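Structure record follows, encoded as structure tokens.
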Amino acid sequence: ALGSVAARTSLRSRRYDRDLGAYWQIEETVRFGPRFVVFGFQEITPSVGLSMIHEFDENGRLAPMTRGTMGMNLSVGWMF
């Protein structure tokens with residue numbers, strides 16, 4: 001399975017009523033694993049994956065960072 005995520009995190013001071021900063025995170029993921037279907041509608045998928053995570057400051061004040069990770073995942077859900 002292939003996946004991607006984009007997220008934005010920001011911090012605001014309510015005391016001083018101003019923005020303190022924000023950054024973006026973009027992640028690309030590749031996962032491999034079997035999918036099992038139980039009772040005809042519930043899926044269970046254990047998988048192993050590789051991800052590349054890119055983080056950068058919205059205003060360019062901090063240096064951008066990219067890192068790779070490996071993970072073991074477990075997905076449990078319902079099929080429609």
Side-chain angles (χ1 to χ4, degrees):
L2 301 174
S4 64
V5 175
R8 180 181 183 267
T9 301
S10 65
L11 182 63
R12 181 169 180 83
S13 171
R14 290 178 18 184
R15 181 175 183 179
Y16 298 109
D17 191 33
R18 68 183 194 109
D19 289 323
L20 300 176
Y23 83 96
W24 283 88
Q25 176 178 341
I26 299 172
E27 177 180 351
E28 299 94 22
T29 304
V30 176
R31 292 185 299 263
F32 304 97
R35 173 173 285 168
F36 303 101
V37 178
V38 183
F39 306 118
F41 63 90
Q42 186 169 17
E43 64 90 13
I44 301 171
T45 308
S47 61
V48 175
L50 300 171
S51 297
M52 287 297 286
I53 301 170
H54 313 280
E55 297 176 336
F56 55 93
D57 181 18
E58 194 169 84
N59 295 321
R61 292 179 283 183
L62 299 173
M65 184 174 77
T66 299
R67 67 182 188 274
T69 63
M70 291 176 33
M72 295 174 55
N73 307 292
L74 179 63
S75 169
V76 178
W78 289 267
M79 299 179 67
F80 296 97

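Please read these numbers as outputs of a predicted model, since none were measured by experiment. The basis for the numbers below is simple: all heavy atoms, side chains too, and nothing from hydrogens, waters or symmetry mates.
- Residues Thr45 and Pro34 approach most closely at CG2-O, 3.4 Å, considering heavy atoms.
- In this structure, OH in Tyr23 is found 11.5 Å from CZ in Arg8, a value given to the nearest 0.5 Å.
- Placement of Trp78 and Val38 within a single hydrophobic cluster is found when ILVMFWY residues are connected by side-chain heavy-atom separations under 4.5 Å, directly or transitively.
- Across all their heavy atoms, Leu20 and Arg61 have their closest contact at O-NH2, 3.9 Å.
- Separating the OG1 atom in Thr66 from the CZ atom in Phe56 is a distance of 9.5 Å, to the nearest 0.5 Å.
- Gln25 has its side chain within reach of Ile53: a pair of non-hydrogen atoms, C-beta onward, lies under 4.5 Å apart.
- Residues Ile44 and Pro46 approach most closely at O-CD, 3.8 Å, considering heavy atoms.
- Between Ala22 and Ser10, the shortest heavy-atom contact is CB-CB, 3.8 Å.
- Closest non-hydrogen pair, Glu27 versus Ser51, comes out as OE2-OG, 3.3 Å.
- Atom CZ of residue Arg35 and atom CD of residue Glu43 lie 4.5 Å apart, to the nearest 0.5 angstrom.
- Under the 4.5 Å side-chain contact rule for hydrophobic residues, Phe39 and Phe36 do not share a cluster.
- Taking every heavy atom of both residues into account, Gly68 and Met52 meet most closely at CA-SD, 3.8 Å.
- Put simply, CZ on Arg67 and NE2 on His54 are 10.5 Å apart, with the number rounded to the nearest 0.5 Å.
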Checking Ser13 against Arg18 for the side-chain hydrogen bond (donor to acceptor under 3.5 Å, both in side chains) test, could you report, in this order, the C-alpha distance in whole Å, the side-chain angles of both residues, the deciding distance, and whether it holds? CA-CA 5 Å; Ser13 171; Arg18 68 183 194 109; 5.8 Å; no
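- The distance from atom CZ of Arg12 to atom CG of Asp17, rounded to the nearest 0.5 Å, is 4.5 Å.
- Atom CD in Glu58 sits 10.5 Å away from atom OG1 in Thr9 (nearest 0.5 Å).
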